[in-house]
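None of the values given here were measured: they were computed from a predicted structure. Numbering of ligands and ligand atoms starts at 1, following listing order.
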Amino acid sequence: MEVLAVASEIFPIIKTGGLADIVGALPAALAAHGIRVRTLVPGYPEIMTAIGSPDAIQAIPEVFGGSGRLLAGRVGNTDLLVLDAPQFFARTGNPYTAPGGEPWPDNAFRFAALARIGAAVGRGLLAGYVPDIVHAHDWQAGLVPAYLHYAGGKRPGTVMTIHNLAFQGQFPRQLLSALGLPAQSYVFDGVEYYGSVGYLKAGLQFADRITTVSPGYAAEIRSDAGGMGMQGLLRARSGVVTGILNGIDTAEWNPATDRRIATPFSARRMAGRIANKADLQARFGLDADLQTLVFGVVSRLSAQKGLDLLLDALPTLLAAGGQLALLGSGDAALEAAFLDAAIGHRGRVGVVIGYDEAMAHRIQAGADALLVPSRFEPCGLTQLYALRYGTVPVVARVGGLADTVIDANPMALAAGVATGVQFAPVDADRLRTAIGHTATLFADPPTWRKIQANGMGCDVSWEGPARRYAALFRDLVAARAA
Ligand code: ADP
């Protein structure tokens with residue numbers, strides 16, 4: 001089976017969040033099921049460098065006022081199709097925002113171009129290549145199912161995956177015809193979305209199947225509280241909505257072979273963790289004390305991630321004898337507040353502002369617990385890395401966090417199955433209680449070691465998720481053939 005994935009980022013080449021990890025990992029995981037994935041991505045400079053100088057396989061004479069070419073190349077284990085359209089993508093830095101943090105003013109056309117070409121490849125633009133399914137990721141690829149729908153005729157099956165419903169891709173209705181969408185598409189059951197053209201909405205409207213990245217989030221997005229405006233559509237299409245948990249790249253995130261951390265370790269050789277804790281404390285300017293409970297955070301700093309709640313709860317964390325090592329970037333006010341906290345609590349709070357893949361690994365390897373107080377979380381990856389590294393996740397009971405962490409309540413402790421700490425509802429008071437509970441568990445080494453061991457024994461690989469995607473793809477192909 002041939003699947004064409006369409007996505008705006010891909011690990012390890014260009015990444016702003018979990019989307020890239022999944023787009024990067026799924027092809028290899030699906031190969032084991034006889035499914036070949038080619039991934040269409042924009043030709044950002046990072047991508048152009050990574051693929052070297054392959055031959056163009058297709059000229060694109062015109063796409064929304066620009067021209068370009070399609071390149072085919074292989075990076076690592078991934079087959080890429082690259083839309084080399086310099087007018088849209090020859091810009092360094094963040095794929096979505098200008099250096100000042102504002103969205104690129106032509107984002108509507110940049111990602112419409114990606115989707116337009118994705119749809120064209122789906123309909124046989126490339127000689128000898130006919131995908132069975134086009135798999136569109138997030139709003140940047142949301143127009144693919146719409147373009148295929150309005151093109152009419154024979155088309156591949158379409159799957160739309162929601163990695164985060166908060167990013168919806170809304171653009172002015174005046175762009176409709178310039179985007180190559182017919183006038184009749186601007187309706188309730190077309191691309192219209194609260195008075196604008198909705199890219200994610202379009203994908204959710206027209207895709208044959210909708211997936212999101214955890215069963216919990218699949219339920220939340222159909223609720224009034226979590227639907228962010230899409231709940232009506234998602235409820236109407238409930239029969240085709242599925243939640244499939246993300247896996248993680250267990251080679252990239254393997255404490256036994258991780259070259260980025262101070263000392264390798266494994267569930268059977270946990271002694272190596274101590275050196276990583278010492279290394280982490282040194283790097284974050286924390287007092288060198290191996291008895292102290294070190295909380296780690298690796299996160300975008302945004303309202304979604306609930307780190308303002310952590311600022312509120314910081315006195316409790318410190319009163320419980322804890323230290324904090326935080327790596328993150330994003331919201332300027334949160335960045336400033338955490339930097340202030342580090343100055344105010346030297347040796348107890350260490351903060352690195354920025355995006356640093358190696359440092360993310362070091363936090364997972366050296367912290368005792370990982371805090372993820374998200375207000376909503378489609379799947380969440382950092383708690384999965386934490387499980388694998390014996391870092392006890394302390395998480396809000398939402399979305400994928402609720403699905404992947406077993407709370408250390410008395411019953412789960414008695415049954416010997418706890419893997420972390422959950423709290424709900426998501427507010428500063430409950431976070432304080434969770435931090436206190438974590439400190440109590442940490443003070444009881446046999447219990448703590450058991451929780452760590454349980455987490456490290458969890459299967460967080462792509463094996464199970466890949467099986468589910470493969471089954472979904474096969475089911476869709478069979479249903480369309482029937
Ligand atoms: P989201 O996609 O909403 O940001 P996820 O938990 O799904 O959240 O994925 C976040 C990914 O980005 C993880 O791989 C995490 O390690 C990484 N990450 C987030 N912030 C940073 C940072 N400042 N430095 C390095 N990696 C980060």
Suppose I only count heavy atoms of [X] and a 4.0 Å limit; which atoms of ligand 1 are within that range?
| X | answer |
| --- | --- |
| R300 | 1 (P), 3 (O), 4 (O), 20 (N) |
| T382 | 6 (O), 15 (C), 16 (O) |
| Y385 | 13 (C), 14 (O), 16 (O) |
| G354 | 22 (C), 23 (N) |

Margin query: Is there a side-chain contact between Q231 and S223 in this structure, where contact means two heavy atoms from C-beta onward sitting under 4.5 Å apart?
Written below: no
Check: Quick one: does I363's side chain get under 4.5 Å of F284's, heavy atoms only?
Finding: yes
Any non-hydrogen atom of [X] lying under 4.0 Å from ligand 1?
| X | answer |
| --- | --- |
| P378 | no |
| K305 | yes |
| S299 | yes |
| M359 | no |

Can you confirm, on distance only, whether ligand 1 has an N/O atom lying under 3.5 Å from any N/O atom belonging to [X]?
| X | value |
| --- | --- |
| D21 | yes |
| S329 | no |
| N164 | no |
| V298 | no |
| L381 | yes |
| T16 | no |
| G17 | no |

Using 30° and 60° as the class boundaries, would you call the ring planes of [X] and [Y] parallel, tilted or perpendicular?
| X | Y | value |
| --- | --- | --- |
| Y389 | H361 | perpendicular |
| F442 | W448 | perpendicular |
| F111 | W139 | perpendicular |

Check: Is it the side chain, the backbone, both or neither of K15 that has a heavy atom closer than 4.0 Å to ligand 1?
Finding: side chain
Item checked: Under 3.5 Å donor-acceptor, D407 side chain and Q422 backbone -> yes
Check: Does the cation-pi check pass for R116 over Y147, that is, NZ or CZ under 6.0 Å from the six-membered ring centre and within 45° of its axis?
Finding: yes
Notebook entry, point to check: Charged N to carboxylate O below 4.0 Å: is that the case for E252 and R260?
Noted result: yes
Notebook entry, point to check: Charged N to carboxylate O below 4.0 Å: is that the case for D106 and R91?
Noted result: yes
Item checked: Point-to-point distance, once rounded to the nearest 0.5 Å, from CG of L40 to NE2 of H137 -> 11.0 Å
Checklist line | Atom pair OH/CD1 of Y385 and I248 - distance to nearest 0.5 Å | finding: 6.5 Å
Closest non-hydrogen protein atom to [atom], residue and atom name please, with distance?
| atom | result |
| --- | --- |
| atom 10 (C) of ligand 1 | G18 N, 3.8 Å |
| atom 24 (N) of ligand 1 | D356 N, 3.0 Å |
| atom 27 (C) of ligand 1 | Y355 CE1, 3.3 Å |

Note to self: Quick check: H135 with F473 (ring centres under 6.0 Å apart)?
What the structure shows: yes
